[in-house]
Structures are given as C-alpha cells and as structure tokens.
There are 2 protein chains.
Amino acid sequence: MDQLRETLKVHHLRTTTCREDVLSTFINRKNALSHGDLEGELGENYDRVTIYRTLKTFLEKGIIHKVLDDEGLRYALCSHSCSEEKHQHDHIHFKCSACGETNCLENLHIPAVQLPDGYHPEHFNLLIQGVCPKCN
Amino acid sequence: MDQLRETLKVHHLRTTTCREDVLSTFINRKNALSHGDLEGELGENYDRVTIYRTLKTFLEKGIIHKVLDDEGLRYALCSHSCSEEKHQHDHIHFKCSACGETNCLENLHIPAVQLPDGYHPEHFNLLIQGVCPKCN
DNA sequence: TTCGAACTTGCAACGGGGTTGCAGAATATT
DNA sequence: AATATTCTGCAACCCCGTTGCAAGTTCGAA
C-alpha cells in the first residue's frame with residue numbers, strides 16, 4: 001500500500017515503518033485509539049517513546065486529531081480537509097459504554113449554539129456517551 | 001459558614017477541615033478546578049492524596065462533576081439537582097484560550113442531535129474553546 | 001462526657017502516562 | 001556512495017493518580 005507513503009509524503013514526513021504501521025492501524029481499526037491501544041498492537045516492534053512521538057508528529061501535521069474522553073486522551077484520523085494550518089473538526093464523537101469504542105460521526109455536525117454576548121467560540125468538541133448500534 | 005457543613009451532612013459525609021476547604025474553594029472560585037489548582041491553594045495544609053480522595057468522594061456523592069478538557073481533567077460544582085443516584089449535566093463548558101479558565105454555562109443546554117438509528121445516547125458533553133468575555 | 005466503632009488523614013510506595021537528552025541508526029538528496 | 005537531516009531507542013525523569021497501612025479524628029450511643 002503506497003497510499004501510506006503518499007500520505008506521509010504529502011505532509012513532508014519521512015517514511016518509516018513505525019509511521020506506516022501507526023497510520024495503517026488508524027485506517028484499519030476505524031475507531032479512536034489511545035496510545036495504549038497502539039502500544040498493545042505495535043509495542044513489540046517499537047519503543048513507547050517512538051509511538052508517542054509519532055502521535056505528536058501526526059497531530060502537528062494534521063493527520064490525526066485529539067478526541068476528548070472522560071478517561072484519557074484518544075486520537076482519530078482527520079478527514080481529508082485538515083492540514084497543518086487549519087483543522088475542521090466540528091463532528092461528533094460517540095463513546096459506547098458497552099464496548100468502550102469511541103467513533104467519529106463524520107456526517108453529523110454539532111448544532112449551532114447561541115452563546116451569550118462576549119463569547120468568541122473557536123473549537124467545538126461534543127462527546128456523546130451511550131450504547132452504540134453494535135452493542136444494542 | 002455552616003452552609004458547608006450542611007452540604008456535607010446532606011451527602012452523609014463527615015465534616016473535616018479539608019472537605020470544608022475544598023468545597024469552599026469550589027464555591028469561591030466559580031470556575032472548574034483541577035487537582036493541581038486545589039493543591040496550589042490548599043497544598044500547604046493537606047496532603048495531595050487527601051485532596052485526591054476528597055475529589056473522588058465528592059464525585060461519588062454528586063457534589064462535583066468532571067469537566068472534559070483537552071489537557072487533563074477538571075471538576076466543577078454540580079447544580080443542586082444532582083445526587084449520588086442521578087446526575088443532570090447537559091450544560092455547556094467553555095474554556096478560554098486566553099486566561100485558561102473553564103466555566104459552566106449553566107443556563108445553556110446542549111441542542112438536540114439527531115443520531116443515526118441504533119445509537120442510544122445517555123450523556124452529553126460539549127466543550128467549547130475560544131475567548132471569554134473577560135479576555136475579549 | 002466519655003468511649004468505641006467507623007471513618008478520614010498522612011506517609012510511603014507504587015504504576016502509568018507522557019516528555020526530554022543524547023548517541024546511534026535510517027532516510028532522502030547530491 | 002557521501003552527506004546533512006531526520007528518526008529511533010534507551011535511559012532517565014516528572015507529573016498524575018492510586019493503594020496499603022498505621023495513626024488520628026468524627027460522631028453517635030451509653
């Protein structure tokens with residue numbers, strides 16, 4: 001899959017096996033992943049520090065974005081419209097209390113909120129917790 | 001202020017100076033606080049572990065609730081309608097990127113979201129980041 | 001008011017999450 | 001193939017949060 005190398009090249013990153021593996025893990029498992037998830041999957045091959053740094057690099061380059069959670073941080077692939085300069089993440093995250101998976105609902109946008117005067121919103125982050133279709 | 005003792009009593013907690021101080025800190029500073037904030041304010045008087053345990057106890061009793069953040073957890077006072085059994089937290093949290101404060105917008109409710117079939121939402125958590133009126 | 005059971009605190013120790021410095025290895029470029 | 005640049009692994013470290021246990025405190029009953 002040279003798709004991976006292409007993605008890295010677009011973001012001016014050297015292709016290394018660690019970056020390819022992390023990226024393909026995000027692509028294969030479609031849900032949001034924590035560092036621990038990645039370490040569980042790739043930890044035998046790469047040092048934890050390298051995985052941390054890969055996540056940080058991907059964040060800075062706009063390849064992944066943070067997903068808030070009531071217990072620790074997760075990361076998910078950005079949609080194609082994201083870049084280092086500009087992120088677009090007004091979609092909703094759904095965390096299933098049964099299976100524990102967190103997924104982006106890419107098609108759903110966060111509804112507009114009427115804030116009081118003086119508030120200047122920049123980023124929106126909506127986490128919905130409940131039961132997902134798979135666990136229903 | 002026997003208001004504090006009263007609150008603790010209602011939740012079947014013994015009145016200790018640490019609990020009174022933590023509670024009054026939440027009441028005085030009105031914004032969401034992290035453990036670090038409390039340790040900064042009360043750390044000379046109480047052990048960090050005691051503050052952690054106080055927060056955990058208050059959480060369990062429904063006196064405070066978690067506030068999501070992209071960098072670490074915070075806590076804020078629950079409205080009066082919360083109890084150990086039932087929490088009601090569909091209000092919005094606003095984090096100011098200038099002063100760093102996070103506040104509950106108690107009067108604003110999270111707008112309804114039309115989820116795809118099969119999703120059963122239970123809790124909603126909306127964090128808006130931007131600039132608050134004070135820093136405007 | 002004293003006493004005892006139940007609860008709370010402080011201390012020490014621990015585990016996990018995440019970061020930094022640095023030397024050696026891998027990558028891209030000529 | 002040689003070089004500058006970047007990336008990785010290792011060691012060490014700090015911060016967050018938890019647990020076990022002994023000593024101290026609270027509160028209600030006698």
Side-chain angles (χ1 to χ4, degrees), chain A residues 2 4-25 32-61 63-76 84 100 102, chain B residues 2 4-25 32-61 63-76 84 100 102:
Chain A
D2 276 317
L4 300 174
R5 289 165 174 263
E6 189 57 32
T7 300
L8 293 174
K9 196 165 196 174
V10 165
H11 292 280
H12 306 100
L13 293 175
R14 293 190 171 173
T15 69
T16 68
T17 57
C18 180
R19 285 172 179 171
E20 288 178 316
D21 283 355
V22 169
L23 189 49
S24 76
T25 303
L33 303 175
S34 67
H35 172 271
D37 294 332
L38 290 163
E39 198 179 343
E41 192 124 335
L42 307 172
E44 312 237 323
N45 306 320
Y46 309 107
D47 193 89
R48 10 183 318 273
V49 178
T50 304
I51 298 177
Y52 276 117
R53 286 198 264 233
T54 302
L55 288 172
K56 196 175 182 181
T57 305
F58 282 8
L59 262 185
E60 289 165 0
K61 296 296 182 180
I63 299 175
I64 60 177
H65 64 277
K66 285 186 183 179
V67 178
L68 296 195
D69 194 329
D70 59 339
E71 45 180 9
L73 215 43
R74 291 168 185 274
Y75 306 89
E84 190 162 1
T102 303
Chain B
D2 276 317
L4 299 174
R5 290 166 174 264
E6 189 56 33
T7 300
L8 293 174
K9 196 166 196 174
V10 165
H11 292 280
H12 305 101
L13 293 174
R14 295 192 171 174
T15 69
T16 67
T17 56
C18 180
R19 286 173 178 170
E20 288 179 315
D21 284 355
V22 169
L23 189 49
S24 77
T25 304
L33 303 175
S34 66
H35 173 270
D37 295 331
L38 289 163
E39 199 180 341
E41 191 124 335
L42 307 171
E44 313 236 324
N45 307 319
Y46 309 107
D47 193 88
R48 9 184 318 274
V49 177
T50 302
I51 298 177
Y52 274 117
R53 286 199 264 231
T54 301
L55 287 172
K56 196 175 183 182
T57 304
F58 283 7
L59 262 185
E60 289 165 1
K61 295 295 182 180
I63 299 175
I64 60 177
H65 64 278
K66 286 186 182 179
V67 178
L68 294 195
D69 195 331
D70 58 338
E71 45 181 9
L73 216 42
R74 290 168 185 275
Y75 306 88
E84 192 164 0
T102 302

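To find a chain, count down the sequence lines: A is the first, B the second, and so on, and within it residues start at 1.
If you check every strand for non-hydrogen atoms under 4.0 Å, T57(A) touches nothing.
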Can you check side-chain contact (heavy atoms from CB on, under 4.5 Å) on L13(B) and I63(B), steps first, answer last?
CA-CA 11 Å; L13(B) 293 174; I63(B) 299 175; 4.0 Å; yes

Going through the checks in order, is the side-chain contact (heavy atoms from CB on, under 4.5 Å) test met by F58(B) and L23(B)?
CA-CA 9 Å; F58(B) 283 7; L23(B) 189 49; 4.2 Å; yes

Check the pair T54(B) / T16(B) against side-chain contact (heavy atoms from CB on, under 4.5 Å), numbers first and verdict last.
CA-CA 10 Å; T54(B) 301; T16(B) 67; over 6 Å; no

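Partners of E39(B) according to the salt bridge (Lys or Arg N to Asp or Glu O under 4.0 Å) rule, which considers only residues two or more places apart in sequence or in another chain, do not exist here. Under the salt bridge (Lys or Arg N to Asp or Glu O under 4.0 Å) criterion, D37(B) pairs with R74(B), sequence neighbours left out. Here E6(A) pairs with nothing under the salt bridge (Lys or Arg N to Asp or Glu O under 4.0 Å) rule; sequence neighbours left out.
Once you apply a 4.0 Å limit to the heavy atoms of chain A, the touched nucleotides of DNA chain D run 5' to 3' over dT5(D) to dA11(D).
Contact check, T15(A) against dT27(C): no side-chain N or O comes under 4.0 Å of OP1 or OP2.
Listed for the R19(B) side chain is a donor-acceptor partner under 3.5 Å among the backbone atoms of R14(B).
Among all heavy-atom pairs drawn from T15(B) and L8(B), the shortest one is CA-CD1, 4.0 Å. For V67(B) against Y75(B), the heavy-atom pair with the smallest separation is CG2-C, 4.2 Å.
Between the two ends of the helix from dT1(C)-dA30(D) to dT30(C)-dA1(D), each summarised by a five-pair axis, the helix axis turns through 30° (rounded to 10 degrees).
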Using a 4.0 Å heavy-atom cut-off, write out nucleotides 10-23 of chain C from 5' to 3' as B (base contacted by protein), S (sugar-phosphate only) or - (no contact).
BBB----SBBBB--

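Atom NZ of K9(B) and atom P of dC7(C) are 17 Å apart (whole Å).
Proximity of L38(A) to Y46(A): side-chain heavy atoms (C-beta onward) are nowhere separated by under 4.5 Å.
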